[in-house]
Structure formats: structure tokens, C-alpha cells
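Below is one structure; the comments refer to it alone.
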There are 2 protein chains.
Amino acid sequence: MPDRRGATRRPEPGCPVEVALAAVSGRWTTLVLRELMHGSRSFGDLRAALPALSAKVLTDRLDDLCRRALVDRQRQRGFPARTRYRLTPAGRQLRPLLVELYRTGDALLRAADGERPPR
Amino acid sequence: MPDRRGATRRPEPGCPVEVALAAVSGRWTTLVLRELMHGSRSFGDLRAALPALSAKVLTDRLDDLCRRALVDRQRQRGFPARTRYRLTPAGRQLRPLLVELYRTGDALLRAADGERPPR
DNA sequence: CCGCATCCGATTGGATACTG
DNA sequence: CAGTATCCAATCGGATGCGG
């Protein structure tokens with residue numbers, strides 16, 4: 001990618017970098033993905049794991065992930081209603097990216113601390 | 001990170017994943033970083049390489065990257081003014097992340113195409 | 001040449017209350 | 001239980017014009 005020909009001169013939605021970034025950006029997205037990396041979850045499971053996340057934003061995130069085919073939704077109608085969310089094979093491909101995000105962020109934090117040595 | 005204890009239950013700014021995501025998100029950010037990965041650039045160099053990027057947004061991006069200590073600004077005052085931007089050692093640490101973003105996005109695009117096979 | 005100042009429309013995230 | 005419906009403040013990206 002560094003210096004690959006076909007490099008874009010504007011942010012095109014079809015650029016691979018934009019596609020990956022769109023998949024993980026947005027507030028709470030990485031935390032929802034982390035939960036689903038551990039296995040399938042219901043709407044309520046996710047709310048319990050992330051108590052500060054409102055229902056509206058959780059719905060937004062899940063809708064978005066479903067539209068991108070990274071998450072699969074299984075509704076079981078009736079009362080009480082039940083819905084299970086799980087990663088698709090495409091969604092599972094995000095794992096190395098999340099690991100790399102953690103690794104890079106950790107390196108940046110260490111670099112910043114190194115400048116002002118921990119007295 | 002997957003299932004690491006100390007895992008956050010809300011989006012805290014000190015979380016490594018948030019730090020790395022903040023460094024590369026925002027429209028045009030990855031393209032500006034790509035240019036700087038190739039070496040130091042002036043404000044005008046960047047505008048020429050990314051013609052559809054307005055001066056205001058470029059300034060926003062560079063200010064942000066400087067505040068995060070990922071980019072270093074060297075002003076040479078006078079007329080005409082000159083400023084050179086270059087990655088700091090911390091900024092260069094973003095390269096593997098950008099590569100991983102490209103790799104993952106590419107994999108997602110291939111997965112999506114595979115579903116509707118290219119006739 | 002390198003920005004900053006303004007203004008603006010669109011998108012975002014969150015709070016709150018209600019429904020199948 | 002699993003959402004939907006409103007409403008709102010804040011942020012964002014972009015256009016345009018001026019200033020050192």
C-alpha cells in the first residue's frame with residue numbers, strides 16, 4: 001500500500017483502507033466487535049456488557065455492521081422477543097486489525113511516556 | 001486485547017485501541033499520512049498531491065497530527081513563507097497499521113465479491 | 001506561500017419516552 | 001426483550017475570502 005500504484009488522491013469509498021476504517025470506526029464499534037469476537041450475543045447481553053451504551057446507538061452500530069455483512073442477525077419472534085448477533089466470516093477477518101490497533105496504540109502511549117520519563 | 005483483563009467497558013481516551021483509531025481516523029487523514037510516509041512535504045506539496053482537499057481541512061489534519069506528536073512542523077518565516085512537515089518516530093510507527101488497514105479492507109472487498117461471483 | 005476567520009449544512013452521539 | 005421515535009447539542013467537513 002505505501003506507494004502502490006492505483007493509490008487514490010481522494011477518499012473514495014471503494015479504497016480498501018476506507019473500507020476497513022469504516023468497519024471499525026464510530027464510537028463503541030470496536031467494543032461491540034470485541035464482545036462478538038467472544039461468541040454470539042443477544043441485544044441484552046451487549047447492553048449488559050456495555051452499560052453506558054444507549055439502545056439507540058447500539059441499534060445504530062448493529063444495523064451498520066449488518067449492512068456491511070460483518071455481523072449476522074437472527075430474530076426469534078414471540079414474547080419475550082429474542083435476537084442473537086454473531087460475526088460473519090467477513091467479520092472475523094477484523095480480528096488481526098483490532099489486534100494491530102491495540103498494538104499500535106500501546107506503542108504510541110509508551111513513546112509518549114518515554115519522552116517524560118516516569119519520575 | 002481479545003479477552004485481555006483491563007478491557008474497558010466504555011470508550012476511554014486512554015485505551016490503546018482508541019489512541020490508534022484517533023490517529024488515523026478523520027477524513028483525508030490516511031491520505032495525508034501516506035504522503036508523509038514518502039518523506040517530508042510542504043503545505044503546498046500536500047495540496048498538490050491531494051487537490052480535492054481544502055486548505056482548512058488540511059490545516060485541521062496537520063494541527064491534529066502535530067498535537068498528537070505524530071508529525072513535526074518546521075516553519076521558515078519570510079516571504080514566501082515555507083513550512084515543512086515530516087513524521088516523527090511515533091508517526092512512523094503507524095505504517096504497519098496502515099498496511100493492515102489496506103490488507104483487511106482488501107480481504108473484505110474480496111469476500112464481498114466472492115458472494116456474487118464475477119460472471 | 002501558508003495559513004486563519006467565518007459561515008454553513010450534514011452527520012453524530014446521546015437522552016428520553018414509547019411500542020410489538 | 002428488543003427495539004423505534006423524537007429531539008437536541010456538538011462536532012465535522014467543506015466553501016469562501018482575508019492576512020502575514
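The analysis underlying the following values was restricted to heavy atoms, covering all of them including side chains, and did not include hydrogens, waters or symmetry mates. A note on names: the letters A, B, ... follow the listed sequences, proteins ahead of strands, and every chain is numbered from 1. Because the structure is a prediction, the values reported are computed rather than measured.
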### Query
In this structure, which one of A/Arg86, A/Arg84, A/Glu35 forms a side-chain hydrogen bond (donor to acceptor under 3.5 Å, both in side chains) with A/Ser40?
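Looking at A/Arg86, A/Arg84, A/Glu35, the match for A/Ser40 under the side-chain hydrogen bond (donor to acceptor under 3.5 Å, both in side chains) is A/Arg84.
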### Task
Verify the contact: side-chain N or O of B/Tyr85 to OP1 or OP2 of C/dG3, cut-off strictly under 4.0 Å; return yes or no.
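Yes, such a contact exists.
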Expressed in angstrom and rounded to an integer, what is the separation of [X] atom [atom1] from [N] atom [atom2]?
X       : N      : atom1 : atom2 : answer
A/Asp64 : C/dG13 : CG    : C1'   : 14 Å
B/Asp63 : C/dC2  : CG    : P     : 15 Å
B/Arg47 : C/dG3  : CZ    : P     : 11 Å
A/Asp45 : D/dA2  : CG    : P     : 7 Å
B/Arg27 : C/dA10 : CZ    : P     : 15 Å
A/Asp60 : D/dA5  : CG    : P     : 12 Å
A/Leu46 : D/dG3  : CG    : P     : 10 Å
A/Leu53 : D/dA2  : CG    : C1'   : 14 Å

Tell me which nucleotide among [options] gets nearest to the side chain of [X].
X       : options               : value
B/Phe79 : D/dC1, D/dG20, C/dG14 : D/dG20
B/Arg75 : C/dG3, D/dA2, D/dG3   : C/dG3
A/Trp28 : C/dG14, C/dC2, D/dG13 : C/dG14
A/Val57 : D/dG3, D/dG20, C/dG14 : C/dG14
B/Thr83 : D/dA2, C/dA15, C/dG3  : C/dG3
A/Phe43 : D/dA2, D/dG20, C/dT12 : D/dA2

What does [X] touch in the nucleic acid at a heavy-atom separation under 4.0 angstrom: a base, only the sugar-phosphate, or nothing?
X       : value
B/Arg77 : nothing
A/Arg61 : sugar-phosphate
A/Thr59 : base

Taking side chain as C-beta onward, heavy atoms only, is [X] less than 4.5 Å from [Y]?
X       : Y       : value
A/Met37 : A/Leu98 : yes
A/Asp63 : A/Cys66 : no
B/Arg27 : B/Leu53 : no

### Task
Return yes if the base of D/dG13 and the side-chain atoms of B/Lys56 contain a donor-acceptor N/O pair under 3.5 Å, otherwise no.
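Pair found.
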### Message
If you assign A/Pro11 and A/Pro80 each to the DNA chain D nucleotide with the nearest heavy atom, which residue ends up on the more 5' nucleotide?
### Response
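Counting from the 5' end, the first nearest nucleotide belongs to A/Pro80.
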### Query
Has A/Arg73 got more than 12 heavy atoms of other residues, nucleotides or ligands less than 6.0 Å from its CZ?
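Atom CZ in A/Arg73 is packed in, count exceeds 12.
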